[in-house]
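Below you'll find the structure, written out as structure tokens, and then a few comments.
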Amino acid sequence: MRMNEQQDAALKLLVAMLAPSARDNRDTRLLCCPERDVVHSSLRESPLFCGWCFRVDTCFLDPLDIKYQQRAVNKVKYDVWTQGSAFSFKVGHTFYRKDGQMLIQVHDAKESVPGRAESERDSGYVLVQCYEPNNGPTKWKTAETFGMTQDEFVRYLIAGDVG
């Protein structure tokens, strides 16, 4: 599958965030808009998740571990959006592919836990039910069920595959 610039940028940031050297670090580059720094509260007014394969709304900022936090630089405090890697998609979370050809819903999940100095990363898991359009009495019909880690699920939302 050919990817666009936004998908490429988001996937490169995801790989960097999941590297063992990253541990529990937070970044001001965000998966939902990796091509720019979003510093202040303008995030909710910014075009987000451009180029992603699935529609993702701002209600999923928390499961994507995007937080508005206070930072200090040279003892000057300011608020900034930050990106972590503690992904926490939960049962019932539902996403539509932008081309309208698939709906996915989380049926079981365990959140991921970033690695710390004394422990390795736990990537958690997500069990996803896929649905495809149906011309019958229901709008969607069951297509398949598959499992993956929370990390792979983020990649799936971005690129439409788990790589």
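All of these numbers come straight from a predicted model, not from anything done at the bench. Here, residue 1 is the first one in the sequence, and each next residue gets the next number.
- For the pair Arg121 (side chain) and Ser85 (backbone), a donor-acceptor distance under 3.5 Å is present.
- Counting only distance, with no hydrogens or angles, the side chain of Asn4 and the backbone of Gln6 share a donor-acceptor pair below 3.5 Å.
- The backbone N or O of Thr94 lies less than 3.5 Å from no partner atom in the side chain of Gln105, so there is not a single donor-acceptor pair.
- A salt bridge is defined here as a Lys NZ or Arg NE, NH1 or NH2 lying under 4.0 Å from an Asp or Glu carboxylate O, and Asp57 with Arg55 fails to meet this definition.
- To the nearest 0.5 angstrom, Thr28 atom OG1 is 6.5 Å from Arg71 atom CZ.
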**Request:** Using the side-chain contact (heavy atoms from CB on, under 4.5 Å) rule, take Leu61 and Tyr68 through it: C-alpha gap first, then chi angles, then the decisive distance, then the call.
**Result:** CA-CA 10 Å; Leu61 293 178; Tyr68 197 57; over 6 Å; no
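- Formation of a donor-acceptor pair under 3.5 Å by the Glu132 side chain with backbone atoms of Gln101 is not found in this model.
- Taking the side-chain contact (heavy atoms from CB on, under 4.5 Å) definition, one finds that Asp8 meets it with Met3, sequence neighbours left out.
- Heavy atoms from other residues, nucleotides or ligands lying under 6.0 Å from CD of Glu5 number 12 at most.
- Of all heavy-atom pairs spanning Val154 and Leu31, the tightest one is CG1-CD1, 3.9 Å.
- More than 12 heavy atoms of other residues, nucleotides or ligands sit less than 6.0 Å from atom CG of Asp99.
- In the hydrophobic clustering of ILVMFWY residues, with side-chain heavy atoms under 4.5 Å counting as a link, Phe54 and Val91 come out apart.
- Here CD of Gln150 is found 8.0 Å from NZ of Lys90. Values are rounded to the nearest 0.5 Å.
- In this structure, CD in Glu120 is found 10.5 Å from CG in Asp122, a value given to the nearest 0.5 Å.
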**Item:** Criterion side-chain contact (heavy atoms from CB on, under 4.5 Å) on Asp161 and Arg155, from CA distance to verdict
**Value:** CA-CA 7 Å; Asp161 64 38; Arg155 179 187 166 76; 3.1 Å; yes
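- Minimum heavy-atom separation, Met102 to Tyr156: SD-OH, 3.4 Å.
- Both Ile66 and Phe87 belong to a common hydrophobic cluster when Ile, Leu, Val, Met, Phe, Trp and Tyr are linked at side-chain heavy-atom distances under 4.5 angstrom.
- The main-chain N or O of Thr149 is never found under 3.5 Å from a side-chain atom of Ser112 such that the two would form a donor-acceptor pair.
- Within the model, atoms CD of Gln129 and NE2 of His107 stand 5.0 Å from one another, a figure rounded to the nearest 0.5 Å.
- With sequence neighbours left out, the side chain to side chain donor-acceptor pair (under 3.5 Å) criterion links Tyr125 to Asp108.
- At a threshold of 4.5 Å between side-chain heavy atoms, the hydrophobic network of Ile, Leu, Val, Met, Phe, Trp and Tyr places Tyr96 and Val106 in two separate groups.
- Note: Arg97 CZ to Ile104 CD1 = 10.0 Å, rounded to the nearest 0.5 Å.
- With a 4.5 Å cut-off on side-chain heavy atoms, Met17 and Asp151 do not count as touching.
- The ring pair (Phe, Tyr, Trp, His ring centres under 6.0 Å) search around Phe95 returns Phe60, Phe89, Phe153, not counting sequence neighbours.
- No donor-acceptor pair under 3.5 Å is formed between the side chain of Arg29 and the backbone N or O of Gln83.
- From Asn134, atom CG reaches atom OG1 of Thr142 across 9.5 Å, with rounding to the nearest 0.5 Å.
- Residues Trp52 and Met148 share a single hydrophobic cluster, defined by chaining ILVMFWY side chains whose heavy atoms lie under 4.5 Å apart.
- Between Lys67 and Asp62 a salt bridge is recorded (basic side-chain N to carboxylate O distance below 4.0 Å).
- Phe146 and Val126 fall within a single hydrophobic cluster, where Ile, Leu, Val, Met, Phe, Trp and Tyr are joined by side-chain heavy atoms under 4.5 Å apart, directly or via other members.
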